[in-house]
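So the structure is just underneath, and the comments pick up after that.
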2 protein chains.
Amino acid sequence: MYSGNPNSLNLKSDCEGLAGNWGSEAMSVGQSLVLDSEKGLVKTLGETGKKRCFSEAKTVAALKSHSEAERRRRERINAHLATLRGLVPGEEKMDKATLLAEVINQVKQLKKTTKQASEDLHIPTDSDEVKVELLDEDAEGGSYSFRAYICCHYRPDLLSDTRLCLNVLPVALANIEISTLEGRVKIMFLLTARRDKMNDSTEAQELIASSIHEALSCVVDKASASEELSQVMLPSKR
Amino acid sequence: MYSGNPNSLNLKSDCEGLAGNWGSEAMSVGQSLVLDSEKGLVKTLGETGKKRCFSEAKTVAALKSHSEAERRRRERINAHLATLRGLVPGEEKMDKATLLAEVINQVKQLKKTTKQASEDLHIPTDSDEVKVELLDEDAEGGSYSFRAYICCHYRPDLLSDTRLCLNVLPVALANIEISTLEGRVKIMFLLTARRDKMNDSTEAQELIASSIHEALSCVVDKASASEELSQVMLPSKR
DNA sequence: AATCACACGTGACTC
DNA sequence: TGAGTCACGTGTGAT
């Protein structure tokens with residue numbers, strides 16, 4: 001806890017009012033500022049010590065309200081900082097700068113995650129889509145992964161057609177997610193490929209990605225009007 | 001741009017060193033601090049003006065390095081603040097406090113969204129689950145929604161059983177999402193109910209929610225070893 | 001002893 | 001002009 005005395009003021013108590021800009025080269029006369037530790041104000045005026053300082057009280061009041069305003073501002077900022085401390089995973093004790101850096105990472109990570117999740121499975125769109133991307137997030141182990149999805153009208157042999165096409169590629173199906181809405185279907189595939197000396201290059205990975213894209217496009221382009229699944233799961237209005 | 005003179009120093013140039021804590025009630029002698037506007041230092045010592053100030057240069061250097069360190073700290077913090085300004089949606093010009101408040105909202109919102117999305121469809125878990133919740137987010141129109149999901153082993157008649165159960169309830173199936181992994185399946189339902197004088201009460205909504213839960217639990221509890229879908233989509237290792 | 005991090009009061013600037 | 005924001009230098013406790 002800070003132990004300073006918040007009621008002590010550093011006062012500019014000369015009679016020049018607020019016009020004096022000490023600290024800059026404009027002040028050439030022997031002005032001096034006196035800091036009073038207690039209740040009385042000690043004045044050391046440069047030359048005219050006898051002049052009536054009528055605006056002294058005004059200056060004191062202005063300075064006081066100023067410092068109080070600044071104090072409130074700091075309190076507001078620190079309150080927000082404290083709230084952020086509670087929102088980031090780390091410990092309670094954290095540098096202000098480190099905390100902000102942590103918040104930045106958190107926001108970036110969350111944004112990436114939500115963006116990913118929103119296109120992950122969402123509802124199917126009205127237009128046919130095929131997308132394939134290399135997942136770089138877990139570039140550790142002996143394999144790498146692709147995330148792909150297609151969006152098209154549902155037809156009964158869509159799934160088996162898709163499997164057929166993917167079987168000819170050197171990838172394994174790790175996970176699949178299906179979402180349907182009003183006769184349309186969106187299927188997300190998580191595909192993994194073993195990393196070895198033959199394919200551990202950017203070119204090889206991009207080749208596989210484009211192969212996946214081509215295979216899936218092939219499936220999507222085979223249009224069909226069948227809506228068997230949607231008939232089962234999404235009957236007409238009751 | 002700040003136009004103050006960064007080279008002006010407020011120096012405590014009496015020979016008491018750094019021990020004096022002016023501003024607190026501990027200082028009772030007539031000490032005073034003098035601010036020098038230019039290069040020379042003006043000393044107004046309380047009582048011993050003749051004492052040699054041998055450590056003056058040291059003090060100046062220490063103070064200088066101190067202020068420089070503080071300056072670096074401020075720059076670090078402000079750099080992070082600037083980064084955050086680029087991450088929040090609002091305009092570039094923003095109060096420091098307002099910016100932090102905005103960041104807090106952003107983080108909270110993103111956290112809620114990702115939490116929702118992660119339990120939305122994710123991969124199926126190893127244990128059977130049934131969950132139903134009332135969606136309060138869009139409490140506007142003439143209807144309200146439930147989000148429900150089940151997680152269990154897949155069996156061929158799981159979907160039709162589920163539809164059968166839900167059909168007896170006064171809800172419409174707005175969307176369904178299915179994800180499968182290794183023979184297990186997770187199905188998410190978005191269910192809507194018309195809002196009318198009969199059910200526009202918390203009790204009625206909770207009654208519907210518990211009815212949905214019971215119906216889905218009934219389906220999940222009907223265990224089966226069949227894995228037809230996973231045989232189609234997730235063959236054994238190639 | 002030297003460094004770090006924080007809170008404070010203050011001058012400049014803006015509305 | 002008065003209220004608010006910012007950067008700065010400084011006092012102070014902790015490490």
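Protein chains get the first letters and strands the later ones, always in sequence-line order, with residue 1 at the start of each.
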Worksheet item: From the list D/dA7, C/dG11, C/dC6, which nucleotide is the closest neighbour of the side chain of B/R74?
Response: D/dA7
Worksheet item: Does OP1 or OP2 of C/dC6 have a side-chain N or O of A/N78 closer than 4.0 Å?
Response: no
Worksheet item: Has B/R71 got a side-chain N or O lying under 4.0 Å from the OP1 or OP2 atom of D/dA7?
Response: no
For [X], give me all partners under salt bridge (Lys or Arg N to Asp or Glu O under 4.0 Å), at least two apart in sequence or on another chain.
X      : answer
B/R76  : none
A/R72  : none
B/D128 : B/R184
A/E206 : none

Discussion item. A/E129: which residues meet the side-chain hydrogen bond (donor to acceptor under 3.5 Å, both in side chains) condition with it, sequence neighbours left out?
Written reply: A/T125, A/Y149
Please give, in whole Å, the distance from [N] [atom2] to [X] [atom1]?
X     : N      : atom1 : atom2 : result
A/I77 : C/dC6  : CD1   : P     : 13 Å
A/E75 : C/dG9  : CD    : P     : 11 Å
B/L63 : D/dG11 : CG    : P     : 6 Å

Could you go over nucleotides 3-5 of chain C and give all protein N or O partners under 3.5 Å, atom names and distances?
unit_1: C/dA5; atom_1: OP1; unit_2: A/D95; atom_2: OD2; d: 2.7
unit_1: C/dA5; atom_1: OP2; unit_2: B/R76; atom_2: NH2; d: 3.1
unit_1: C/dA5; atom_1: O5'; unit_2: A/D95; atom_2: OD1; d: 3.4

Fill in: Heavy-atom check, side chain of B/K111 versus side chain of A/Q106, under 4.5 Å
yes
